[in-house]
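Report on the structure given below.
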Protein chains: 2
Amino acid sequence: MTDQPVPTTAAGEAPTARGEQTRQLILETAIRLFRERGYARTTMRAIAEEAGVAVGNAYYYFDSKERLIQEFYSRTQDEHRAAARPVLERESEFAARLAGVLHAAIDVLTPSHEFAASFFKVAAEPSSPLSPFSSETAGPRQASIELFTEVLAGSTSKVDPELRPHLPELLWLAYMGTVLYWVYDRSPGQTRTRTLIDGAVPLIDRLVSLSRLRVLRPVTRQIVELLRMLRH
Amino acid sequence: MTDQPVPTTAAGEAPTARGEQTRQLILETAIRLFRERGYARTTMRAIAEEAGVAVGNAYYYFDSKERLIQEFYSRTQDEHRAAARPVLERESEFAARLAGVLHAAIDVLTPSHEFAASFFKVAAEPSSPLSPFSSETAGPRQASIELFTEVLAGSTSKVDPELRPHLPELLWLAYMGTVLYWVYDRSPGQTRTRTLIDGAVPLIDRLVSLSRLRVLRPVTRQIVELLRMLRH
DNA sequence: GCTCCAATTTGAACGTGTTCAAGTATCGAC
DNA sequence: GTCGATACTTGAACACGTTCAAATTGGAGC
């Protein structure tokens, strides 16, 4: 959680490794090439050569090509949090906060749209530790969910108290859906995803407000109950 | 575009090709091995050997290993439709029809759960023609969506007339979500997915009914408007 | 039966991700 | 400075998806 000089995987790696520089070089090179040529057309040999190391050396630091993506992914998440910060400091309305955070995510992802398609493929593998739902990514996921806790915490909106504790996770789910949509979004500049965000956020805002309505109480209950059951 | 004697892909099959038998043999073998050993650990060489053909021959019929999965996927969809038929003939209530169709999907998928994880990975690739959202799968997807048109058509439920035309697609989306959940579901026998279906269906049913309520009319409008915008 | 063409089949060869046994460099202990 | 251990680096070798030029087969037309 704290800022350690541990640059490797999520788990935990070399405490103060000598080869840190090499590691960074390889990663930097890989991401650049991924962006330039796409994931599939970037070979490990090309990465190694471009970075000026032996191919085996790349495998010393990253145990697979996919790991390079995982690293990229976790970096992007950091960037997202950073990009979301000013929004959360500036805005106080729920809708504005949520929209800001979602747009920030897309902002951060945009330079990698084409390549992100491939990385998404990797993330989708349920057995992969990179999967957004796997237990291995519990840490990063929790951090991501916390972002939405913050969205909610700082907002002036009133929310059904029963629903509230579940809302961050639901918002995170909406965020995942947005990213999924974005990955598949082939419109120029992914403007459709922007449309989706701008359309969905007021809708979510409204639904959240309505959740306190008398007629909708049973529905809210039902949702909360379902979530509870799925969590065991 | 027209029906040529090209035996490949799911779309149009060989009219009466000579090698049809070989094609089936290879596919049968592949699916069997995928189930036995998983996707990644089944090599094309193994498939070819087990089927008693040369490896190049497999590539004559399926232009990649992924294509074999695509084929499997489209088969599964056929099975799903077949499994859903009796439910649709038997039930008349919306909730029962929807639940039946969703459970049928899981029934059909269950024998391939472990392997389906891998196939999902392939499907997730947006540039892949196998992606459930790609234009290449428009046909199968349409067929799938039609299933939910049928769910709705035969049901006794009353639905907001503005929402109605969009509902099949939304239900299909819910179905996709269910499958996604199932893919990641590691509970024994995927019982959690069953729980999800049994919990979500009454909820959806209720929401659909409520959509006609005066207070919710604006929300319904908003949803419809958003869908319209996203469709261009 | 023969000829010929297209459909089918073959397996060697290629490119790429990954592994591994064998080095080489670095640093603390003495 | 030397030694030993650990961190790092190397590139050849391997496995697997895929390609392709060449061989084989089956059947229509005669």
Side-chain angles (χ1 to χ4, degrees), chain A residues 5-9 12-27 29-30 33-34 37-71 118-119 121-122 125 127-130, chain B residues 3-9 12-27 29-30 33-34 37-71 118-119 121-122 125 127-130:
Chain A
V6 183
T8 345
T9 21
E13 298 266 307
T16 359
R18 267 196 279 136
E20 184 50 27
Q21 214 174 335
T22 310
R23 199 194 128 82
Q24 289 304 322
L25 176 61
I26 293 170
L27 181 55
T29 309
L33 291 185
F34 286 161
R37 322 178 178 175
Y39 179 70
R41 273 176 313 188
T42 303
T43 69
M44 290 300 283
R45 282 166 181 79
I47 294 171
E49 189 179 0
E50 196 86 355
V53 301
V55 67
N57 202 6
Y59 279 92
Y60 179 75
Y61 292 102
F62 305 93
D63 44 70
S64 70
K65 192 180 174 187
E66 297 194 349
R67 263 298 157 76
L68 286 164
I69 291 194
Q70 180 167 20
E71 206 72 16
S118 289
F119 106 358
K121 172 183 176 173
V122 174
E125 167 96 85
S127 58
S128 149
L130 179 50
Chain B
D3 258 357
Q4 289 192 317
V6 183
T8 349
T9 43
E13 300 273 309
T16 2
R18 265 199 278 134
E20 185 50 27
Q21 213 175 336
T22 311
R23 199 191 129 83
Q24 289 306 322
L25 175 62
I26 292 169
L27 182 54
T29 309
L33 291 185
F34 286 161
R37 321 178 179 176
Y39 178 70
R41 270 177 313 188
T42 303
T43 70
M44 288 301 281
R45 284 168 180 77
I47 294 170
E49 190 180 357
E50 197 88 352
V53 301
V55 67
N57 201 6
Y59 279 92
Y60 179 74
Y61 292 103
F62 305 93
D63 44 71
S64 70
K65 192 180 173 188
E66 297 194 350
R67 265 295 157 76
L68 286 164
I69 291 195
Q70 180 165 18
E71 207 73 17
S118 289
F119 106 0
K121 172 182 175 173
V122 173
E125 167 96 86
S127 59
S128 149
L130 178 51

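Reminder, nothing fancy here: chain letters follow the sequence lines and each chain counts from 1. Just so it is clear, the values below take in all heavy atoms, side chains as well, and ignore hydrogens, waters and symmetry mates.
Sorted pairs that involve residues 51-61 of chain A and meet salt bridge (Lys or Arg N to Asp or Glu O under 4.0 Å), not counting sequence neighbours, are lacking altogether.
Nearest-nucleotide assignment on DNA chain C puts the 5′-proximal partner with Ala54(B), out of Ala54(B) and Ala40(A). Both Lys65(A) and Gly56(B) sit near DNA chain C, but only Gly56(B) has its closest nucleotide nearer the 5' end.
Residues satisfying the side-chain hydrogen bond (donor to acceptor under 3.5 Å, both in side chains) criterion with Glu49(B), sequence neighbours excluded, are absent altogether.
The distance between atom CZ of Phe62(B) and atom C1' of dT9(C), rounded to the nearest whole Å, is 15 Å. dC8(D) atom C1' lies 11 Å from atom CD1 of Ile26(A), rounded to whole Å. Here dT19(D) presents its P atom at 15 Å from CG of Asn57(B), a figure rounded to the nearest Å. The OH-C1' distance, from Tyr59(A) to dA21(C), rounds to 18 Å in whole Å. Atom CD1 in Ile47(A) sits about 13 Å away from atom C1' in dT18(C), given to the nearest Å. In this structure, Glu49(B) atom CD and dC16(D) atom P are separated by 12 Å, rounded to whole Å. Rounding to whole angstrom units, CZ of residue Arg41(B) and C1' of dC16(D) are separated by 15 Å. In this structure, Tyr60(A) atom OH and dG11(D) atom P are separated by 17 Å, rounded to whole Å.
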Could you list, one pair per line, each protein nitrogen or oxygen that sits under 3.5 Å from a nitrogen or oxygen of nucleotides 24-26 of chain C, together with the distance?
from, atom 1, to, atom 2, distance (Å)
dT26(C), O4', Arg18(A), NH1, 3.0

Restricting to nitrogen or oxygen on both sides, can you table the protein-nucleotides 13-15 of chain C pairs closer than 3.5 Å?
none

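Taking the side chain as every heavy atom from C-beta outward, Phe62(A) and Arg23(A) approach each other to under 4.5 Å.
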Could you please spell out the steps behind the side chain to side chain contact (heavy atoms under 4.5 Å, CB included) verdict for Phe34(A) and Leu68(A)? CA-CA 10 Å; Phe34(A) 286 161; Leu68(A) 286 164; 4.1 Å; yes
Test side chain to side chain donor-acceptor pair (under 3.5 Å) applied to Gln24(A) and Glu20(A), step by step: CA-CA 6 Å; Gln24(A) 289 304 322; Glu20(A) 184 50 27; 2.9 Å; yes
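A donor-acceptor contact shorter than 3.5 Å links the side chain of Thr42(B) to the backbone of Leu33(B).
Heavy-atom minimum distance, Ala51(B) versus Leu25(B): O-CD2, 3.3 Å. Heavy atoms only, all atoms of each residue included: Ile47(A) and Ala30(A) are closest at CD1-CB, 3.9 Å.
For dT8(C), the OP1/OP2 oxygens have no side-chain nitrogen or oxygen of Thr22(B) closer than 4.0 Å.
Figure legend: Lys65(B) and Tyr39(B) shown as a cation-pi pair, the cationic atom lying under 6.0 angstrom from the six-membered ring centre and within 45 degrees of its axis.
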